[in-house]
Amino acid sequence: MPNVSFVAPDGATITVDIPNGWSVMEGAVKHGVAGILAECGGACACATCHVFVDPAWLGRLQPREAGEDDLLECTAVERAPNSRLSCQLRVSSALDGLVVHLPERQA
Amino acid sequence: MSVTHRIVVVGAGQAGLQLCETLRRSGHTGPLVLVGDEPHLPYQRPPLSKKFLTGELDAVRLALRPAEQLAKLDVALKLGTAVLAIHRDAHEVALADGERLGYDRLVLATGTRVRRLPAPGAALDGVCHLRGLDDAQAIRDRLGAARRLVVIGGGFIGLEVAAVARGLGKDVTIVEAQNRLMPRVVAPLVSEHYARVHAGHGVHIHLNTQVEGIVRAGEALAVALDDGASLPADLVVVGIGVVPNVELAREAGLHCENGIVVDEYAQSSDPAVLAIGDVAWHRNVLLGTSHRLESVQHAVDQAKNAAATLLGKPVPYAPVPWFWSDQYDLKLQMAGINRGHDSVVLRGTPDSGAFSVCYYEGTRLLAMDSINQPLDHMLARKLLAAGVTVPPTAAADPEFELKTLLPAG
Ligand SMILES: Cc1cc2nc3c(=O)[nH]c(=O)nc-3n(C[C@H](O)[C@H](O)[C@H](O)COP(=O)(O)OP(=O)(O)OC[C@H]3O[C@@H](n4cnc5c(N)ncnc54)[C@H](O)[C@@H]3O)c2cc1C
Ligand code: FES
């Protein structure tokens, strides 16, 4: 199973296994990663699953769709070029080892 | 209020689970018991009429938290067990398995149940209602072999099921008693857009039409309409609204209207009893109104509000309500409550597939529905929360950037 690491603002890192096909958000919620709220459960409707993707991984992600891009305009911590909504990142072997950084807050 | 209180939560759904999680994360150390009559771990309902029906999500992925997470939270789960009665004098609830649980504080998060079709034949095999996971599983099991689906009720759930079924290539007919789709919640402009899109996908829509009854016709069913027509169907899905589960509260003498009446701190007429989520007739101080809301946003936010009350740090309830519905490639997002509006302003053009509808009372923006306009939706939420209105002329100009109205900071 691919693993994904979540790095909190204080540097604390949690690495979790996430089944292929699940979203990064689902993996976080399943393992109780506190920095992801995911209030809409992955419907791309709430912007409370914001992450900053580690620059090393940026080139390997599927591009954002328009809806995700719009929602990122309204995150609690302002977006950066490496911002993504973790519910829109689908886990696959190609993303094994992915590192994402958590914002200070989601709401 | 104390962090060591024994808290019993009735109803292991979206609100009940959120309450337990927030209480633990905020330092509650006393015993927490979550009692639910469904046998399943607390799960998300929205996908039941969306990605669960298509088969894209399975039951494991619907669970809000896996069992290990709940164990870590030290929440005692009693699933598959209904609460039958509240004994307020003894501070106890009676469970269906005979056990009695004592409480210092009791939280009712019993949600709603579906309104059954009030017509003959509603209980026939192949006539399904949709509220829970078992209902959705039954529909999913039957949908595969069905060729013709009749959906009774043109509300969110009926329309979402219709969209999924068209995606699976089924022949779909919607029967709605009122003169437009989603009549109670959106402006006619939005109803018409959705009717066009559904029709464009090949859905047959009967408005102003009542179902008189359903009968078995050989292998199939026949749905009799009040205009004399009879629709053949292999599967019928009924989505005509819900009723709040207030009986426990009412029998215990708590004040109930169309929901358990609570104040802006989620407190019922008994200070030891709170109510949250779909079942709560609650007060929102931002909107200045009391009402019942059926949405994930409200279940989550009011659970947090109740947790603050239970922890002795009460905060008045004041979020901007929001909701979404997914049909085909249409994402409908609603911010605010449009009840009481006297005018409607269109922002953008429905023909483009992306637009918003703004609801006004005088010059005050009450609510906005956005169709494939997530940015409008998110900004509407922020503007409504800040108490900023959007001048109707500005709202009507799609080039006008709503963001410029946000207060700094
Ligand atoms: C098909 C469907 C699609 C939806 N789509 C959306 C959507 O897109 N967006 C959105 O925002 N909202 C949506 N909703 C609404 C949303 O799911 C609800 O608002 C939310 O689940 C409410 O949470 P709750 O905890 O109040 O109630 P529930 O989640 O219903 O939980 C209540 C629980 O209490 C249990 N219970 C009742 N009585 C007792 C008793 N006496 N003893 C023990 N247990 C009891 C019930 O069986 C249930 O498990 C949808 C709902 C459905 C059914
Ligand atoms: S979980 Fe809501 S947008 Fe990602």
Original post:
Any donor-acceptor pair under 3.5 Å linking the side chain of B/T349 with the backbone of B/D351?
Top reply: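 Such a contact is absent between B/T349 side chain and B/D351 backbone.
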
Original post:
What do you reckon, are the aromatic ring centroids of B/H377 and B/F323 less than 6.0 Å apart?
Top reply: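 They do not qualify: ring centres at least 6.0 Å apart.
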
**OP:** Report yes if the distance between the aromatic ring centroids of A/F6 and A/H101 is under 6.0 Å, otherwise no.
**Re:**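 No, too far apart.
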
Original post:
Would you call B/K304-A/E39 a salt bridge at under 4.0 Å N-O?
Top reply: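 Looking at B/K304 and A/E39, the cut-off is met.
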
Subject >> Salt-bridge criterion met for B/D326 and B/K50 (N-O under 4.0 Å) >> reply: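 No, B/D326 and B/K50 are not salt-bridged.
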
Which region of [X], side chain (C-beta onward) or backbone (N, CA, C, O), has a non-hydrogen atom less than 4.5 Å from a non-hydrogen atom of chain A, or is it both or neither?
X      : result
B/K403 : side chain
B/L64  : backbone
B/Q18  : neither
B/R65  : side chain

Original post:
Who wins among B/Q373, B/Q14, B/E68, B/R61 for the most heavy-atom pairs under 4.5 Å with chain A?
Top reply: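 Winner by heavy-atom pair count: B/R61.
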
**OP:** Could you have a look at B/R381, B/Q297, B/R25 and say which one has the most heavy-atom pairs with chain A under 4.5 angstrom?
**Re:**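 Ranked by heavy-atom pairs under 4.5 Å with chain A, first place is B/R25.
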
[X] versus chain B, the contacting section by heavy-atom distance below 4.5 Å:
X      : value
A/E26  : side chain
A/A107 : neither
A/T48  : neither

Original post:
B/S325 and B/Q327: side-chain donor and acceptor closer than 3.5 Å?
Top reply: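 Checked: B/S325/B/Q327 side chains pair up, N/O donor to acceptor below 3.5 Å.
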
**OP:** Give a yes or no on whether A/E78 atom CD has more than 12 heavy-atom contacts from other residues, nucleotides or ligands under 6.0 Å away.
**Re:**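 No, because the 6.0 Å sphere around CD of A/E78 holds 12 heavy atoms or fewer from other groups.
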
Original post:
Who wins among A/A47, A/G42, A/C46 for the most heavy-atom pairs under 4.5 Å with chain B?
Top reply: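 Ranked by heavy-atom pairs under 4.5 Å with chain B, first place is A/C46.
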
